[in-house]
Amino acid sequence: MIDIDKIRADTPAASRLAYLHNAGAALMPAPVVTAMKQHIDLESEIGGYAAADREAVRLDAVYGSVARLLNAAPDEIALVENATVAWQMAFYAITFRQGDRILTAEAEYAANYVAFLQVAKRTGAIVDVVPSDASGELDIEALERMIDARVKLIAITWVPTNGGLVNPAAAVGQIARAHGIPYLLDACQAVGQMAVDVEAIGCDMLSATGRKFLRGPRGTGFLYVRRALLQQLEPPMIDHFAAPWVSRDQYRLRDDARRFETWENNYAARLGLGAAVDYALDIGIAPIEQRCHLLADRLRGGLASLRGITIRDLGRRPGAIVSFTMDGHDAGSIVKNAAGAGIIIGASDPASTRIDAEVRALPPLVRASPHYYNTEAEIDRLIELMSDLPPR
Ligand SMILES: Cc1ncc(COP(=O)(O)O)c(C=O)c1O
C-alpha cells in the first residue's frame, strides 16, 4: 500500500496544485531536491572536484540504482543529459548502408524520427513504419511479416508522448531476438509509471529521462545497452573519458556503457536522479503502476462521460497519460484555463508524433498525466472543470 499522506508531505507543491503533468515534468519529492541542494552546497564550500571526490561512493551508486530499476547490471548503464542524448548515442552508433531498413512504429517520437530521416538521407537506409492493429498498438503480426535480411534495427517508442498507448514492447523483443535484430526501445514515458525489465522485454538498448514519471530532476537521462552488444557499438562521438587516449595515435574505448558518456557532468543532478530512482524503488514499482492505472482510469472514465469530449488514447490497456479533445475548445486554452484553476496539465502537438497524428487526423491534444501521488479528489477537480466548460 502506498502511504499517500507521507508521499504528499514529501511533495509540498501537491498541497497547492492539482499537478497532473507528470508526462511533462513531475514534481520532485523532497529527497531528490535535498540530494541536489546538498551537493550544490558542498560544491560551493569545497569546490566541484573535491565535492565529486567526497561523494564518489554515492555517485557510483546511481548506476546501481538505475540498473536495479531496469533489471540490468551497473556496467550496462550510461548516465547522460536527457533521453534524447541517450537515444542518439545508441542510434547513431549503428552503421547503416544503402537499402538497410529501420522498422519503427506509428507513435514514434519526433526527435527519433528526424534522426531516422537524417540517417536515411546520409546513407540510403529506408525507414519503414509498422502499422498499428485495430486497438492502436503496434501490430505484432505485421512486424513479423516485415522482417527480412535487410532489417538492421527495430526502434520503437513504448509509451508515446501524445497519449496512454502502451506498445507491446516485450512482444517486439521476442521478434527482434528470434531474428537477431538489434532493438532500441524509447522508454522515456514508461520508466517510473510501470515495471521496466530489460530481460523480460528483450531490448538491446533502452533510453529514458529523469524528469517525467521517475520524478527526477530536469537535465538527466540514461541509456541501457546490453553487455553482449556493447563491444560492437562505437559511440558516434567520444572524448577521453569514453575512450582514454592511450598512446599518441590510439584511444581505447571503455568496456562499459560509460563509453557513451563524456567527462564533465552535473553531479548534483545525478545524485537527484539516483534519489528519484531509490524513492520509486522504495515505494515499489508494482503499487505505483497499480495506482497510476486507478487514477488514469478514473480520469478517462469521467472525461469520457462528458458531452463534447473525445478520449484519444489508443491500445488495449492505456497507462497514466490521458489525452483528449473537446469540441469547440482548443488544447492550449484548456491547459490555460486549468492552470488558472490550479490544475496543471499539458498539451501535445501533432508534430511530436506526426505519423500517428496524420493517420488519425489529430489536432493538438490535451494531455493529463496523473501519478501515484495524486488523489482521486484532484482527478475529480479536472473532470469537474471540464464539465463546467460549455460544449460548442
Ligand atoms: C516518447 C519520448 N521520447 C523521448 C523524449 C525526449 O526526452 P528528453 O526531453 O528527456 O530528451 C520524450 C520527451 O517528451 C518523449 O515523450
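What's counted below: heavy atoms across the whole structure, side chains too, no hydrogens, waters or symmetry copies. Counting starts at 1 for both ligands and their atoms, in listed order.
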### Query
For atom 5 (C) of ligand 1, what's the nearest protein heavy atom and its distance?
Tyr109 CE2, 3.2 Å
### Query
Of all the non-hydrogen atoms in the protein, which one sits nearest to atom 9 (O) of ligand 1, and at what distance?
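For atom 9 (O) of ligand 1, the nearest protein heavy atom comes out as Arg211 NH2, 3.0 Å.
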### Query
Under 6.0 Å between the ring centres of Phe91 and Phe96?
yes
### Aromatic ring proximity Phe222/Tyr63, centre distance under 6.0 Å
no
For ligand 1, which atoms sit closer than 4.0 Å to a heavy atom of [X]?
{"X": "Gln189", "answer": "1 (C), 16 (O)"}
{"X": "Thr209", "answer": "10 (O)"}
{"X": "Thr157", "answer": "1 (C)"}

### Query
Shortest non-hydrogen contact from Leu306 to Ile383?
CD1-O, 3.6 Å
## Note on the structure
salt bridge (charged side-chain N to carboxylate O under 4.0 Å, His left out) pairs touching residues 296-307, sequence neighbours excluded, are Asp297-Arg300, Asp297-Arg317, Arg298-Asp380, Arg300-Asp313
### Query
Does Lys212 come within less than 4.0 Å of ligand 1, judged by its heavy atoms?
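Distance cut 4.0 Å: Lys212 passes for ligand 1.
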Does [X], backbone or side chain, put an N or O under 3.5 Å from an N or O of ligand 1?
{"X": "Cys188", "value": "no"}
{"X": "Asp186", "value": "yes"}
{"X": "Thr84", "value": "yes"}

### Query
Taking only residues two or more places apart in sequence or in another chain, which ones pass salt bridge (charged side-chain N to carboxylate O under 4.0 Å, His left out) with Glu358?
Arg354
### Query
Can we say Arg270 and Asp60 salt-bridge, meaning some charged N sits less than 4.0 Å from an Asp/Glu carboxylate O?
no
### Identified ring-ring contact (aromatic ring centres under 6.0 Å, His included) counterpart of Trp87 within the set Phe116, Phe260, Tyr92, Tyr109
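Going through Phe116, Phe260, Tyr92, Tyr109 one by one, the ring-ring contact (aromatic ring centres under 6.0 Å, His included) with Trp87 is satisfied by Phe116 alone.
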